[in-house]
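A quick write-up on the structure given underneath.
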2 protein chains.
Amino acid sequence: MNDNLPDEGRYAYEGLDRVLHEKARLGIVTSLAARADGLLFTDLKSLCNLTDGNLSRHLTVLQEAGIVEIHKGYRGRRPQTLCRLSDEGKKRYLDYIAVLESVLEDAVEASKLAKKVRSKVLPEGFSPA
Amino acid sequence: MNDNLPDEGRYAYEGLDRVLHEKARLGIVTSLAARADGLLFTDLKSLCNLTDGNLSRHLTVLQEAGIVEIHKGYRGRRPQTLCRLSDEGKKRYLDYIAVLESVLEDAVEASKLAKKVRSKVLPEGFSPA
DNA sequence: AGAGTGGCTTTGTGGTGGAAAGTATGCGGC
DNA sequence: GCCGCATACTTTCCACCACAAAGCCACTCT
């Protein structure tokens, strides 16, 4: 096939960071993005409707990816974990969001085109099995 | 904790359909959304920069989920597979996109708030480990 | 002191994305 | 006619990972 299609890879969305492109983590990071002071483990848990185990696991992943900073401390004698977006994390989040925006643009364009009536004609030379 | 936070579950994004919320499949479906007449296997392959095996698997998933219709035919003697978004698929795609939009809104709001200087003060009662 | 709760971490597992390998057919050269 | 290479997929395999369940520790209440 013609490799020089202008549209080659048009919908590949390579910039969609795997670490961020994940329901739960997307929620976590988005909620963190809004609060420069960070959020507590328990707040995140209820904001994102996650179980303890789940949140813990995702936070570890995000931390290892350098996206969040995790500060373990105490409130009185009880452990209290504070999570913040790192600068690096903020950067990557913004990049990710930019790609999402382009996905959305594609989607909008698509639904415009989709208004056209679907032709009943199959591509030339095509014959059903 | 107070369960009646107005923000409970605010960032849970429950509507983010797992089948669609996937780099590769998101690309596939988005490209299909624009063309009511569908696309051929090979076109999808190059549009989304997928390997044959990958594309094949994702198409099966999408078909089993009732999102795409797959028509296997022949062009001359060579097999030729045509893929189209089903009506159901179009519906689910639009729902998904709507959720994506709200993620984006959250992100925009977040970056507005993030303009505020990050306070150096840790939450009350918090002491580093 | 024993039951209950809050705040996490660790373990177990079923599911899945993607690479690699496999199948089947067609075409061109010699 | 068959050898090699290409097209058009499908199937197999594996490493990873999201999520649930169980575990852990400290505090509180009674």
Side-chain angles (χ1 to χ4, degrees), chain A residues 1-3 5 12-14 16-29 38-65 67-68 70-83 123 125-127 129, chain B residues 1-3 5 12-14 16-29 38-65 67-68 70-83 123 125-127 129:
Chain A
M1 174 191 254
N2 178 8
D3 235 5
L5 287 186
Y13 301 137
E14 317 250 340
L16 268 191
D17 192 328
R18 283 226 94 93
V19 178
L20 294 175
H21 188 66
E22 174 67 43
K23 220 162 106 86
R25 270 165 346 226
L26 186 52
I28 294 172
V29 172
L39 284 167
L40 298 175
F41 188 95
T42 32
D43 298 336
L44 275 174
K45 204 179 105 175
S46 85
L47 281 172
C48 304
N49 273 154
L50 290 168
T51 61
D52 294 10
N54 245 269
L55 177 53
S56 181
R57 213 38 214 56
H58 286 305
L59 282 179
T60 306
V61 171
L62 287 169
Q63 183 184 31
E64 277 165 3
I67 291 172
V68 302
I70 298 193
H71 306 271
K72 294 180 194 222
Y74 285 92
R75 166 157 194 125
R77 295 279 201 95
R78 288 180 173 290
Q80 183 164 268
T81 301
L82 180 69
C83 312
F126 185 88
S127 58
Chain B
M1 180 194 249
N2 178 7
D3 234 4
L5 288 185
Y13 302 134
E14 318 251 341
L16 268 191
D17 192 328
R18 281 227 99 91
V19 178
L20 294 176
H21 188 65
E22 175 66 43
K23 221 163 107 84
R25 277 177 325 239
L26 187 52
I28 293 172
V29 174
L39 283 168
L40 299 175
F41 189 94
T42 32
D43 298 337
L44 276 173
K45 205 180 104 176
S46 86
L47 281 172
C48 304
N49 272 153
L50 291 167
T51 61
D52 294 10
N54 245 269
L55 177 53
S56 180
R57 265 191 105 282
H58 287 304
L59 283 178
T60 306
V61 171
L62 287 168
Q63 182 184 31
E64 276 164 5
I67 290 172
V68 302
I70 299 193
H71 305 271
K72 294 180 195 222
Y74 285 92
R75 165 158 193 122
R77 295 279 201 93
R78 290 182 168 289
Q80 184 164 271
T81 302
L82 180 69
C83 311
F126 184 89
S127 58

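Everything numeric here is computed off the predicted structure, so don't read it as measured data.
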*Are any of B:Arg18's side-chain N or O atoms less than 4.0 Å away from OP1 or OP2 of C:dG15?*
no

*Taking only Lys NZ, Arg NE, NH1 and NH2, and the carboxylate oxygens of Asp or Glu, determine whether A:Arg18 and B:Glu22 approach each other closer than 4.0 Å.*
yes

_Between C:dG17 (C1') and B:Leu55 (CG): distance, integer Å_ = 13 Å

*Is any side-chain nitrogen or oxygen of B:Arg75 closer than 4.0 Å to OP1 or OP2 of C:dT25?*
no

_Of the listed nucleotides C:dC8, D:dA8, C:dT9, the one nearest the side chain of A:Ser56_ = C:dT9

*Spacing between B:Lys45 atom NZ and D:dA6 atom C1', to the nearest angstrom*: 10 Å

*side-chain N/O B:Thr51 vs C:dG18 OP1/OP2, d < 4.0 Å*: no

*Looking only at side-chain atoms of A:Asn54, point me to the closest of D:dA20, D:dA8, C:dG18.*
D:dA20

*How long is the line joining CG of B:Asp43 and P of D:dT7, in whole Å?*
14 Å

*Identify which nucleotide among D:dC19, D:dC13, C:dC8 has an atom closest to any side-chain atom of B:Arg57, counting heavy atoms from C-beta outward.*
D:dC13

_Just the rounded figure in Å: distance from C1' of C:dT25 to CG of B:Asp52._
15 Å

*Closest heavy-atom contact between A:Leu55 and A:Phe41?*
CD2-O, 3.3 Å

*Distance, rounded to the nearest Å, where B:Leu50 contributes CG and C:dG18 contributes C1'*: 10 Å

*Would you kindly give the CG-to-C1' distance between B:Leu82 and D:dC9, to the nearest whole Å?*
15 Å

*Taking all atoms of both residues into account, what is the closest heavy-atom pair of A:Val19 and A:Val61, and its distance?*
CG1-CG1, 4.2 Å

*asked:* Heavy atoms from C-beta onward define the side chain here; which of D:dC9, D:dT10, C:dT9 lies closest to that of A:Phe41?
replied: C:dT9

*asked:* Taking the nucleotide of DNA chain D with the nearest heavy atom to each, does A:Arg78 or A:Ala24 sit closer to the 5' end?
replied: A:Ala24

*asked:* Expressed as a whole number of angstroms, how long is the span from B:Leu44:CG to D:dT7:C1'?
replied: 16 Å

*Grab the two heavy atoms, one from A:Lys23 and one from B:Ala12, that are nearest each other, plus how far apart they are.*
NZ-O, 4.3 Å

*Within less than 4.0 Å of OP1 or OP2 of D:dC9, is there a side-chain N or O belonging to B:Thr81?*
yes

*Spacing between B:Tyr74 atom OH and C:dT25 atom P, to the nearest angstrom*: 8 Å

_Phosphate OP1/OP2 of D:dC19: any A:His58 side-chain N/O under 4.0 Å_ = yes

*Is there a donor-acceptor pair closer than 3.5 Å between any side-chain N or O of B:Arg25 and the backbone N or O of B:Leu20?*
no

